[in-house]
Number of protein chains: 2
Amino acid sequence: MASSTVENYLKHLLLLAEGGDGLVPMGALAGALAVVPGTVTTMVKALAAGGLVEHRPRQGVRLTDAGRGVALGVLRRHRLVETFLVQVLKMDWAAVHAEAERLEHAISDDVLDRLDALLGHPAVDPHGDPIPTRQGRLDPSVYATLATCVADRPLRVVRVTEQSPEFLHFAEHSGLRPGTRVRVAGRNLAAGLVTVKRPAGRPLALSLAAAGKILVAPAR
Amino acid sequence: MASSTVENYLKHLLLLAEGGDGLVPMGALAGALAVVPGTVTTMVKALAAGGLVEHRPRQGVRLTDAGRGVALGVLRRHRLVETFLVQVLKMDWAAVHAEAERLEHAISDDVLDRLDALLGHPAVDPHGDPIPTRQGRLDPSVYATLATCVADRPLRVVRVTEQSPEFLHFAEHSGLRPGTRVRVAGRNLAAGLVTVKRPAGRPLALSLAAAGKILVAPAR
DNA sequence: TATTTAACTTTGACTATTCAAAATAGCCTG
DNA sequence: CAGGCTATTTTGAATAGTCAAAGTTAAATA
Ligand SMILES: [Mn+2]
Ligand SMILES: [Mn+2]
Ligand SMILES: [Mn+2]
Ligand SMILES: [Mn+2]
(Lines give C-alpha, C1' and ligand atoms only; values in the text may rest on other atoms or scores of the structure.)
(Ligands and ions follow the chains in the order given, each with its own letter.)
Protein backbone atom coordinates (compact mmCIF):
# COMPACT_ATOMS: atom_id res chain seq x y z
CA MET A 1 0.00 0.00 0.00
CA ALA A 2 2.53 2.61 1.12
CA SER A 3 4.87 3.74 -1.65
CA SER A 4 8.64 3.56 -1.21
CA THR A 5 8.62 7.31 -0.71
CA VAL A 6 6.08 7.12 2.07
CA GLU A 7 7.96 4.22 3.68
CA ASN A 8 11.15 6.27 3.66
CA TYR A 9 9.50 9.29 5.25
CA LEU A 10 8.10 7.11 8.03
CA LYS A 11 11.29 5.14 8.59
CA HIS A 12 13.41 8.28 8.90
CA LEU A 13 10.84 9.79 11.22
CA LEU A 14 11.19 6.76 13.47
CA LEU A 15 14.98 6.95 13.40
CA LEU A 16 15.08 10.71 14.01
CA ALA A 17 12.66 10.45 16.92
CA GLU A 18 15.00 8.11 18.86
CA GLY A 19 15.42 9.48 22.32
CA GLY A 20 13.59 12.80 21.92
CA ASP A 21 9.88 13.32 22.54
CA GLY A 22 9.14 12.18 19.03
CA LEU A 23 8.57 15.64 17.60
CA VAL A 24 10.93 15.87 14.63
CA PRO A 25 11.69 19.31 13.10
CA MET A 26 10.74 19.54 9.43
CA GLY A 27 14.26 20.58 8.55
CA ALA A 28 15.77 17.49 10.16
CA LEU A 29 13.50 15.27 8.11
CA ALA A 30 14.35 17.22 4.95
CA GLY A 31 18.04 16.76 5.66
CA ALA A 32 17.70 13.03 6.28
CA LEU A 33 15.74 12.52 3.08
CA ALA A 34 17.86 14.91 1.01
CA VAL A 35 14.91 16.96 -0.19
CA VAL A 36 14.16 20.66 0.24
CA PRO A 37 12.05 21.72 3.23
CA GLY A 38 9.06 22.69 1.11
CA THR A 39 8.83 19.15 -0.16
CA VAL A 40 8.63 17.83 3.37
CA THR A 41 5.87 20.26 4.30
CA THR A 42 3.83 19.09 1.30
CA MET A 43 4.42 15.42 1.96
CA VAL A 44 3.85 15.64 5.69
CA LYS A 45 0.48 17.24 5.10
CA ALA A 46 -0.43 14.30 2.88
CA LEU A 47 0.80 11.80 5.45
CA ALA A 48 -1.18 13.59 8.16
CA ALA A 49 -4.29 13.39 5.98
CA GLY A 50 -3.65 9.66 5.79
CA GLY A 51 -3.39 9.34 9.55
CA LEU A 52 0.25 8.27 9.51
CA VAL A 53 1.72 11.32 11.22
CA GLU A 54 0.65 14.23 13.35
CA HIS A 55 1.76 17.62 12.06
CA ARG A 56 2.30 20.52 14.46
CA PRO A 57 2.77 23.46 12.07
CA ARG A 58 6.04 25.29 12.64
CA GLN A 59 6.99 22.82 15.34
CA GLY A 60 7.50 19.45 13.73
CA VAL A 61 6.04 16.02 12.94
CA ARG A 62 5.43 12.93 14.98
CA LEU A 63 4.46 9.40 13.96
CA THR A 64 0.99 8.20 14.89
CA ASP A 65 0.65 4.61 16.08
CA ALA A 66 -0.34 3.61 12.57
CA GLY A 67 2.67 5.36 11.09
CA ARG A 68 4.97 3.86 13.67
CA GLY A 69 3.69 0.42 12.79
CA VAL A 70 4.55 0.92 9.14
CA ALA A 71 7.95 2.36 10.03
CA LEU A 72 8.81 -0.59 12.26
CA GLY A 73 7.98 -2.94 9.42
CA VAL A 74 10.32 -1.11 7.07
CA LEU A 75 13.08 -1.05 9.68
CA ARG A 76 12.66 -4.76 10.31
CA ARG A 77 12.99 -5.49 6.61
CA HIS A 78 16.03 -3.22 6.35
CA ARG A 79 17.91 -4.82 9.20
CA LEU A 80 17.03 -8.41 8.36
CA VAL A 81 18.13 -7.81 4.78
CA GLU A 82 21.44 -6.38 6.00
CA THR A 83 21.93 -9.43 8.19
CA PHE A 84 21.19 -11.76 5.30
CA LEU A 85 23.58 -9.95 2.99
CA VAL A 86 26.42 -10.20 5.50
CA GLN A 87 25.80 -13.67 6.90
CA VAL A 88 24.67 -15.54 3.82
CA LEU A 89 26.10 -13.60 0.90
CA LYS A 90 29.26 -12.58 2.79
CA MET A 91 29.02 -8.96 1.78
CA ASP A 92 31.05 -6.17 3.33
CA TRP A 93 29.16 -4.74 6.31
CA ALA A 94 29.89 -1.27 4.96
CA ALA A 95 28.13 -1.98 1.66
CA VAL A 96 24.91 -3.55 2.85
CA HIS A 97 23.21 -0.38 3.97
CA ALA A 98 22.89 0.94 0.43
CA GLU A 99 21.55 -2.39 -0.79
CA ALA A 100 19.03 -2.61 2.01
CA GLU A 101 17.76 0.87 1.22
CA ARG A 102 16.28 -0.53 -1.98
CA LEU A 103 15.41 -4.05 -0.88
CA GLU A 104 13.51 -2.91 2.22
CA HIS A 105 10.68 -1.82 -0.10
CA ALA A 106 10.50 -5.02 -2.16
CA ILE A 107 10.35 -7.83 0.42
CA SER A 108 7.03 -9.51 1.22
CA ASP A 109 6.05 -10.74 4.66
CA ASP A 110 6.41 -14.32 3.48
CA VAL A 111 9.97 -13.84 2.25
CA LEU A 112 10.81 -11.86 5.37
CA ASP A 113 9.64 -14.65 7.68
CA ARG A 114 11.73 -17.16 5.76
CA LEU A 115 14.81 -14.95 5.88
CA ASP A 116 14.27 -14.49 9.60
CA ALA A 117 14.08 -18.25 10.15
CA LEU A 118 17.08 -18.92 7.90
CA LEU A 119 19.13 -16.49 9.98
CA GLY A 120 17.95 -17.97 13.27
CA HIS A 121 15.75 -15.05 14.34
CA PRO A 122 18.58 -12.60 14.98
CA ALA A 123 18.03 -9.84 17.55
CA VAL A 124 20.51 -7.41 16.00
CA ASP A 125 21.91 -6.72 12.54
CA PRO A 126 25.61 -6.69 11.57
CA HIS A 127 26.07 -3.21 13.01
CA GLY A 128 24.45 -4.16 16.29
CA ASP A 129 21.27 -2.26 15.39
CA PRO A 130 18.29 -3.96 17.06
CA ILE A 131 15.83 -5.67 14.70
CA PRO A 132 12.16 -4.91 15.45
CA THR A 133 10.17 -8.05 16.15
CA ARG A 134 7.36 -9.26 13.95
CA GLN A 135 4.99 -7.80 16.51
CA GLY A 136 6.62 -4.40 16.19
CA ARG A 137 8.60 -4.34 19.38
CA LEU A 138 11.87 -2.41 19.16
CA ASP A 139 14.53 -2.78 21.85
CA PRO A 140 15.13 0.70 23.34
CA SER A 141 18.80 -0.30 23.76
CA VAL A 142 20.26 2.37 26.00
CA TYR A 143 24.00 1.88 25.98
CA ALA A 144 26.99 3.93 26.93
CA THR A 145 29.42 4.99 24.25
CA LEU A 146 33.19 5.01 24.23
CA ALA A 147 32.83 8.74 24.86
CA THR A 148 30.61 8.43 27.92
CA CYS A 149 31.31 5.08 29.62
CA VAL A 150 33.31 4.59 32.77
CA ALA A 151 37.03 4.21 32.07
CA ASP A 152 39.26 1.26 32.88
CA ARG A 153 36.56 -1.40 32.90
CA PRO A 154 36.33 -4.38 30.59
CA LEU A 155 33.80 -3.58 27.85
CA ARG A 156 32.30 -5.17 24.81
CA VAL A 157 31.36 -3.26 21.65
CA VAL A 158 27.64 -3.81 21.05
CA ARG A 159 26.76 -1.44 18.25
CA VAL A 160 28.15 1.01 15.73
CA THR A 161 25.70 3.79 15.04
CA GLU A 162 26.47 5.56 11.74
CA GLN A 163 26.28 3.68 8.53
CA SER A 164 28.63 5.54 6.22
CA PRO A 165 30.99 3.10 4.52
CA GLU A 166 33.95 5.27 5.53
CA PHE A 167 33.19 5.06 9.22
CA LEU A 168 32.33 1.37 9.08
CA HIS A 169 35.58 0.57 7.32
CA PHE A 170 37.45 2.58 9.89
CA ALA A 171 35.70 0.75 12.73
CA GLU A 172 36.45 -2.62 11.18
CA HIS A 173 40.10 -1.73 10.64
CA SER A 174 40.34 -0.50 14.18
CA GLY A 175 38.97 -3.76 15.53
CA LEU A 176 35.81 -2.16 16.84
CA ARG A 177 33.16 -4.46 15.45
CA PRO A 178 30.29 -5.56 17.69
CA GLY A 179 31.51 -8.33 19.98
CA THR A 180 35.05 -7.05 20.35
CA ARG A 181 36.39 -6.58 23.89
CA VAL A 182 37.75 -3.12 24.61
CA ARG A 183 38.67 -0.85 27.49
CA VAL A 184 38.88 2.92 27.71
CA ALA A 185 42.44 3.67 28.80
CA GLY A 186 41.98 7.37 29.15
CA ARG A 187 40.24 10.55 28.01
CA ASN A 188 41.54 14.02 27.35
CA LEU A 189 38.48 16.23 27.25
CA ALA A 190 40.46 19.31 26.37
CA ALA A 191 41.95 17.65 23.32
CA GLY A 192 38.70 15.83 22.63
CA LEU A 193 40.47 12.49 22.56
CA VAL A 194 39.66 9.01 23.84
CA THR A 195 42.27 6.27 24.09
CA VAL A 196 41.03 2.71 23.73
CA LYS A 197 42.79 -0.58 24.38
CA ARG A 198 41.85 -3.68 22.41
CA PRO A 199 42.81 -7.32 23.03
CA ALA A 200 45.37 -7.22 20.23
CA GLY A 201 47.11 -4.17 18.84
CA ARG A 202 48.41 -0.97 20.32
CA PRO A 203 46.21 1.64 22.01
CA LEU A 204 43.93 3.49 19.65
CA ALA A 205 43.15 7.20 19.72
CA LEU A 206 39.66 8.37 18.73
CA SER A 207 37.97 11.76 18.64
CA LEU A 208 35.09 12.16 21.05
CA ALA A 209 32.79 12.45 18.06
CA ALA A 210 33.92 9.10 16.71
CA ALA A 211 33.93 7.50 20.17
CA GLY A 212 30.33 8.61 20.61
CA LYS A 213 29.29 6.40 17.73
CA ILE A 214 30.59 3.20 19.31
CA LEU A 215 28.13 1.78 21.84
CA VAL A 216 29.51 -0.48 24.57
CA ALA A 217 28.32 -2.60 27.48
CA PRO A 218 30.16 -4.09 30.45
CA ALA A 219 31.94 -7.24 29.30
CA ARG A 220 30.64 -10.59 30.54
CA MET B 1 19.19 4.47 -14.32
CA ALA B 2 16.10 2.88 -15.86
CA SER B 3 13.01 3.12 -13.63
CA SER B 4 11.05 0.01 -12.68
CA THR B 5 8.43 1.06 -15.19
CA VAL B 6 10.94 1.29 -18.01
CA GLU B 7 12.49 -2.03 -16.99
CA ASN B 8 9.07 -3.67 -17.14
CA TYR B 9 8.30 -2.29 -20.58
CA LEU B 10 11.62 -3.59 -21.90
CA LYS B 11 11.36 -6.99 -20.22
CA HIS B 12 7.87 -7.63 -21.58
CA LEU B 13 8.99 -6.52 -25.01
CA LEU B 14 11.74 -9.13 -24.87
CA LEU B 15 9.32 -11.82 -23.74
CA LEU B 16 6.68 -10.92 -26.32
CA ALA B 17 9.21 -10.88 -29.14
CA GLU B 18 10.18 -14.55 -28.55
CA GLY B 19 10.00 -16.34 -31.83
CA GLY B 20 8.52 -13.58 -34.00
CA ASP B 21 10.51 -10.98 -35.92
CA GLY B 22 10.70 -8.84 -32.84
CA LEU B 23 8.00 -6.37 -33.91
CA VAL B 24 5.51 -6.36 -31.04
CA PRO B 25 2.04 -4.82 -31.59
CA MET B 26 1.28 -1.95 -29.23
CA GLY B 27 -1.86 -3.69 -28.05
CA ALA B 28 0.04 -6.82 -27.05
CA LEU B 29 2.38 -4.76 -24.93
CA ALA B 30 -0.55 -2.90 -23.38
CA GLY B 31 -2.16 -6.21 -22.51
CA ALA B 32 0.98 -7.63 -20.96
CA LEU B 33 1.54 -4.52 -18.85
CA ALA B 34 -2.13 -4.08 -17.96
CA VAL B 35 -2.28 -0.47 -19.12
CA VAL B 36 -4.44 1.15 -21.79
CA PRO B 37 -3.06 1.40 -25.34
CA GLY B 38 -2.66 5.16 -25.20
CA THR B 39 -0.30 4.79 -22.28
CA VAL B 40 1.89 2.47 -24.29
CA THR B 41 2.02 4.85 -27.23
CA THR B 42 3.15 7.64 -24.93
CA MET B 43 5.73 5.52 -23.17
CA VAL B 44 7.08 3.91 -26.31
CA LYS B 45 7.71 7.31 -27.82
CA ALA B 46 9.74 8.20 -24.74
CA LEU B 47 11.66 4.93 -24.90
CA ALA B 48 12.35 5.51 -28.59
CA ALA B 49 13.67 8.98 -27.80
CA GLY B 50 16.01 7.31 -25.34
CA GLY B 51 17.24 4.85 -27.92
CA LEU B 52 15.88 1.79 -26.15
CA VAL B 53 13.27 0.80 -28.73
CA GLU B 54 12.40 1.43 -32.34
CA HIS B 55 8.83 2.54 -32.93
CA ARG B 56 7.10 1.82 -36.24
CA PRO B 57 3.89 3.85 -35.94
CA ARG B 58 0.77 1.74 -36.44
CA GLN B 59 2.90 -1.36 -36.76
CA GLY B 60 4.60 -2.05 -33.46
CA VAL B 61 7.76 -1.70 -31.37
CA ARG B 62 11.04 -3.51 -31.34
CA LEU B 63 13.92 -3.46 -28.86
CA THR B 64 17.16 -1.84 -29.96
CA ASP B 65 20.40 -3.56 -28.94
CA ALA B 66 20.63 -1.17 -26.01
CA GLY B 67 17.09 -1.94 -24.94
CA ARG B 68 17.65 -5.66 -25.33
CA GLY B 69 20.68 -5.41 -23.09
CA VAL B 70 18.66 -3.78 -20.33
CA ALA B 71 15.85 -6.31 -20.76
CA LEU B 72 18.22 -9.26 -20.51
CA GLY B 73 19.58 -7.85 -17.27
CA VAL B 74 16.10 -7.61 -15.79
CA LEU B 75 15.23 -11.12 -16.94
CA ARG B 76 18.43 -12.47 -15.43
CA ARG B 77 17.62 -10.86 -12.11
CA HIS B 78 14.04 -12.16 -12.26
CA ARG B 79 15.02 -15.75 -12.90
CA LEU B 80 17.93 -15.88 -10.50
CA VAL B 81 15.72 -14.44 -7.78
CA GLU B 82 13.08 -17.09 -8.47
CA THR B 83 15.74 -19.76 -8.24
CA PHE B 84 17.00 -18.39 -4.95
CA LEU B 85 13.53 -18.21 -3.47
CA VAL B 86 12.81 -21.84 -4.35
CA GLN B 87 16.19 -23.39 -3.62
CA VAL B 88 17.29 -21.46 -0.58
CA LEU B 89 14.09 -20.17 0.99
CA LYS B 90 12.06 -23.24 -0.03
CA MET B 91 9.18 -21.21 -1.40
CA ASP B 92 6.40 -22.62 -3.53
CA TRP B 93 7.40 -22.42 -7.21
CA ALA B 94 3.97 -20.97 -7.94
CA ALA B 95 4.49 -18.04 -5.59
CA VAL B 96 7.95 -16.88 -6.60
CA HIS B 97 6.95 -15.13 -9.80
CA ALA B 98 5.04 -12.42 -7.98
CA GLU B 99 7.93 -11.90 -5.57
CA ALA B 100 10.46 -11.71 -8.36
CA GLU B 101 8.39 -9.08 -10.15
CA ARG B 102 9.30 -6.65 -7.39
CA LEU B 103 12.77 -7.86 -6.48
CA GLU B 104 14.02 -7.84 -10.07
CA HIS B 105 14.17 -4.02 -9.82
CA ALA B 106 15.99 -3.84 -6.51
CA ILE B 107 18.97 -6.18 -6.89
CA SER B 108 22.44 -4.76 -7.58
CA ASP B 109 25.01 -6.43 -9.80
CA ASP B 110 27.08 -7.29 -6.76
CA VAL B 111 24.23 -9.05 -4.98
CA LEU B 112 23.25 -10.77 -8.20
CA ASP B 113 26.74 -12.20 -8.73
CA ARG B 114 26.76 -13.52 -5.19
CA LEU B 115 23.34 -15.12 -5.57
CA ASP B 116 24.48 -16.67 -8.83
CA ALA B 117 27.55 -18.16 -7.15
CA LEU B 118 25.58 -19.35 -4.12
CA LEU B 119 23.21 -21.20 -6.44
CA GLY B 120 26.04 -22.71 -8.47
CA HIS B 121 25.50 -20.67 -11.64
CA PRO B 122 22.21 -22.27 -12.63
CA ALA B 123 21.27 -22.37 -16.34
CA VAL B 124 17.53 -22.46 -15.77
CA ASP B 125 15.10 -21.29 -13.10
CA PRO B 126 12.60 -23.48 -11.20
CA HIS B 127 10.19 -23.42 -14.14
CA GLY B 128 12.88 -24.43 -16.60
CA ASP B 129 13.07 -20.89 -18.01
CA PRO B 130 16.61 -20.22 -19.24
CA ILE B 131 18.60 -17.65 -17.25
CA PRO B 132 20.44 -15.10 -19.41
CA THR B 133 24.17 -15.11 -18.76
CA ARG B 134 26.04 -12.20 -17.28
CA GLN B 135 27.17 -11.40 -20.82
CA GLY B 136 23.57 -11.23 -22.01
CA ARG B 137 23.34 -14.51 -23.85
CA LEU B 138 19.91 -16.12 -23.74
CA ASP B 139 19.46 -19.76 -24.74
CA PRO B 140 16.96 -19.84 -27.66
CA SER B 141 15.70 -23.16 -26.26
CA VAL B 142 13.51 -24.60 -29.00
CA TYR B 143 11.68 -27.54 -27.51
CA ALA B 144 8.69 -29.57 -28.47
CA THR B 145 5.62 -29.48 -26.24
CA LEU B 146 3.37 -32.26 -25.06
CA ALA B 147 1.02 -31.05 -27.77
CA THR B 148 3.52 -31.26 -30.62
CA CYS B 149 6.12 -33.94 -29.77
CA VAL B 150 6.26 -37.39 -31.27
CA ALA B 151 4.17 -39.90 -29.33
CA ASP B 152 5.28 -43.03 -27.54
CA ARG B 153 8.86 -41.95 -26.90
CA PRO B 154 10.48 -41.49 -23.51
CA LEU B 155 10.54 -37.78 -22.70
CA ARG B 156 11.65 -35.47 -19.97
CA VAL B 157 9.79 -32.29 -18.96
CA VAL B 158 12.21 -29.38 -19.38
CA ARG B 159 10.10 -26.30 -18.91
CA VAL B 160 6.67 -25.04 -17.94
CA THR B 161 5.83 -21.84 -19.79
CA GLU B 162 3.04 -19.92 -18.06
CA GLN B 163 3.54 -18.63 -14.61
CA SER B 164 0.04 -18.38 -13.18
CA PRO B 165 -0.07 -19.99 -9.74
CA GLU B 166 -3.12 -22.00 -10.83
CA PHE B 167 -1.36 -23.63 -13.72
CA LEU B 168 1.83 -24.21 -11.78
CA HIS B 169 -0.06 -25.88 -8.97
CA PHE B 170 -1.85 -28.05 -11.46
CA ALA B 171 1.45 -29.01 -13.12
CA GLU B 172 3.00 -29.85 -9.79
CA HIS B 173 0.03 -31.94 -8.71
CA SER B 174 0.09 -33.72 -12.03
CA GLY B 175 3.74 -34.62 -11.61
CA LEU B 176 4.84 -32.47 -14.52
CA ARG B 177 7.69 -30.52 -13.00
CA PRO B 178 10.90 -30.06 -14.99
CA GLY B 179 12.95 -33.21 -14.76
CA THR B 180 10.02 -35.61 -14.66
CA ARG B 181 9.99 -38.46 -17.18
CA VAL B 182 6.84 -38.70 -19.26
CA ARG B 183 5.50 -40.24 -22.43
CA VAL B 184 2.64 -39.22 -24.69
CA ALA B 185 0.34 -42.23 -24.83
CA GLY B 186 -2.04 -40.78 -27.36
CA ARG B 187 -3.74 -37.73 -28.82
CA ASN B 188 -7.30 -37.11 -29.85
CA LEU B 189 -7.17 -34.00 -32.01
CA ALA B 190 -10.90 -33.93 -32.49
CA ALA B 191 -11.50 -33.87 -28.76
CA GLY B 192 -8.44 -31.67 -28.23
CA LEU B 193 -7.01 -34.10 -25.71
CA VAL B 194 -3.54 -35.45 -24.97
CA THR B 195 -2.97 -38.49 -22.77
CA VAL B 196 0.29 -38.59 -20.87
CA LYS B 197 1.90 -41.41 -18.92
CA ARG B 198 4.15 -40.67 -15.98
CA PRO B 199 6.48 -43.00 -14.05
CA ALA B 200 4.03 -43.27 -11.17
CA GLY B 201 0.31 -42.71 -11.31
CA ARG B 202 -2.38 -43.38 -13.86
CA PRO B 203 -2.49 -41.83 -17.32
CA LEU B 204 -3.25 -38.13 -17.30
CA ALA B 205 -5.54 -36.30 -19.72
CA LEU B 206 -4.68 -32.75 -20.75
CA SER B 207 -6.21 -30.26 -23.14
CA LEU B 208 -4.06 -29.37 -26.12
CA ALA B 209 -3.86 -25.83 -24.75
CA ALA B 210 -2.44 -27.07 -21.46
CA ALA B 211 -0.19 -29.61 -23.16
CA GLY B 212 1.25 -26.80 -25.28
CA LYS B 213 2.61 -25.15 -22.15
CA ILE B 214 4.72 -28.14 -21.12
CA LEU B 215 8.02 -28.26 -23.00
CA VAL B 216 9.74 -31.61 -23.34
CA ALA B 217 12.93 -33.14 -24.73
CA PRO B 218 13.88 -36.74 -25.52
CA ALA B 219 14.82 -38.51 -22.29
CA ARG B 220 18.46 -39.45 -21.72
C1' DT C 1 -14.47 1.01 -54.69
C1' DA C 2 -17.15 2.49 -50.57
C1' DT C 3 -17.78 1.02 -45.94
C1' DT C 4 -16.89 -0.92 -41.63
C1' DT C 5 -13.95 -2.03 -38.04
C1' DA C 6 -10.12 -2.86 -35.09
C1' DA C 7 -5.88 -1.05 -33.73
C1' DC C 8 -3.47 2.82 -32.77
C1' DT C 9 -2.61 7.78 -31.61
C1' DT C 10 -3.87 12.19 -29.69
C1' DT C 11 -5.70 15.19 -26.34
C1' DG C 12 -6.84 16.71 -21.91
C1' DA C 13 -6.73 15.66 -17.31
C1' DC C 14 -5.10 13.68 -12.89
C1' DT C 15 -1.83 11.79 -9.08
C1' DA C 16 2.57 11.57 -6.83
C1' DT C 17 6.71 13.70 -5.97
C1' DT C 18 9.91 17.16 -6.36
C1' DC C 19 12.29 22.01 -6.69
C1' DA C 20 12.97 27.17 -6.74
C1' DA C 21 11.74 31.15 -4.97
C1' DA C 22 8.78 34.17 -2.45
C1' DA C 23 6.01 34.87 1.82
C1' DT C 24 5.49 34.29 6.74
C1' DA C 25 5.83 33.21 11.63
C1' DG C 26 8.44 33.05 15.79
C1' DC C 27 12.04 33.89 18.36
C1' DC C 28 16.22 36.45 19.68
C1' DT C 29 18.72 40.61 20.11
C1' DG C 30 19.67 45.16 21.23
C1' DC D 1 9.53 47.11 21.20
C1' DA D 2 11.77 47.30 16.42
C1' DG D 3 14.62 44.59 13.54
C1' DG D 4 16.54 40.76 11.97
C1' DC D 5 17.40 35.85 11.47
C1' DT D 6 15.96 31.25 10.69
C1' DA D 7 12.86 27.62 10.08
C1' DT D 8 8.81 26.73 7.86
C1' DT D 9 5.12 27.26 4.62
C1' DT D 10 3.20 28.70 0.30
C1' DT D 11 3.07 29.16 -4.54
C1' DG D 12 3.98 28.01 -9.16
C1' DA D 13 6.04 24.87 -12.11
C1' DA D 14 8.16 20.50 -13.66
C1' DT D 15 8.57 15.27 -14.45
C1' DA D 16 6.92 10.45 -14.69
C1' DG D 17 3.26 7.68 -15.41
C1' DT D 18 -1.43 6.83 -16.12
C1' DC D 19 -6.57 6.91 -17.91
C1' DA D 20 -10.83 8.26 -20.55
C1' DA D 21 -12.47 9.55 -24.53
C1' DA D 22 -12.13 11.41 -29.06
C1' DG D 23 -9.75 11.26 -33.52
C1' DT D 24 -7.09 8.65 -37.21
C1' DT D 25 -5.35 5.04 -40.09
C1' DA D 26 -5.24 1.21 -42.68
C1' DA D 27 -6.59 -3.19 -43.41
C1' DA D 28 -10.72 -6.19 -44.07
C1' DT D 29 -15.26 -6.55 -45.92
C1' DA D 30 -18.92 -5.94 -48.86
MN1 LIG E 1 21.37 0.27 7.41
MN1 LIG F 1 22.32 -1.69 10.20
MN1 LIG G 1 8.62 -15.52 -13.35
MN1 LIG H 1 10.39 -18.51 -14.06
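Naming convention: chains lettered A, B, ... in sequence-line order (proteins, then strands); numbering from 1 in each chain.
Under a 4.0 Å N-O distance rule, the pair B/Glu99/A/Arg114 does not qualify as a salt bridge.
Between the CG atom of B/Leu23 and the C1' atom of C/dA7 there is a distance of 14 Å, rounded to whole Å. Between A/Met26 atom CE and C/dC19 atom P the separation is 14 Å, expressed in whole Å. Rounded to an integer number of Å, the gap from A/Met43 CE to C/dA16 P is 9 Å. As rounded to whole Å, 9 Å separates atom P of C/dT18 from atom CG of A/Asn8. One atom, CG of B/Leu47, and another, C1' of D/dA16, lie 12 Å apart when rounded to the nearest Å. In this structure, CG of B/Leu29 is placed 11 Å from P of D/dT18, rounded to the nearest angstrom. For the pair A/Arg58 CZ and D/dA7 C1', the computed distance is 7 Å after rounding to whole Å. At whole-Å resolution of the value, CG in B/Leu33 and C1' in D/dA16 are 15 Å apart.
At a threshold of 4.0 angstrom between heavy atoms, the contacts of B/Thr5 are confined to the sugar-phosphate backbone, with no base atom among them. Here A/Gly38 lies in heavy-atom contact (under 4.0 Å) with a base.
There is a side-chain donor-acceptor pair under 3.5 Å between A/His127 and A/Glu82.
Between B/Leu204 and B/Leu176, some side-chain heavy-atom pair lies under the 4.5 Å cut-off.
Picking from C/dT10, C/dC8, D/dT9 the nucleotide with the shortest atom distance to the side chain of B/Lys45 gives C/dT10. Closest to the side chain of B/Val35, out of D/dT9, D/dT18, D/dT25, is D/dT18. The side chain of B/Thr41 sits closest to C/dC8 out of D/dT18, D/dC19, C/dC8. Closest to the side chain of B/Thr42, out of D/dT8, C/dA20, D/dT18, is D/dT18. With C/dT17, C/dA20, D/dT9 as the candidates, the nucleotide lying closest to the side chain of A/Ser3 is C/dT17. Here the nucleotide nearest the side chain of A/Val6, chosen from C/dT17, D/dA7, D/dT25, is C/dT17.
Distances shorter than 4.0 Å separate some side-chain N or O of B/Tyr9 from OP1 or OP2 on D/dT18. The shortest distance between the side-chain N/O atoms of A/His55 and the OP1/OP2 oxygens of D/dT8 is not below 4.0 Å.
Nearest heavy-atom pair, B/Val194 versus B/Ala211, reported as atom, atom and distance to 0.1 Å: CG2-CB, 3.8 Å.
In this structure, B/Pro37 and A/Thr39 both approach DNA chain C, and ranking their closest nucleotides by distance from the 5' end singles out B/Pro37.
Here the options are A/Asp110, A/Val111, A/Asp113, the test is side chain to side chain contact (heavy atoms under 4.5 Å, CB included), and the partner is B/Leu89; only A/Val111 passes.
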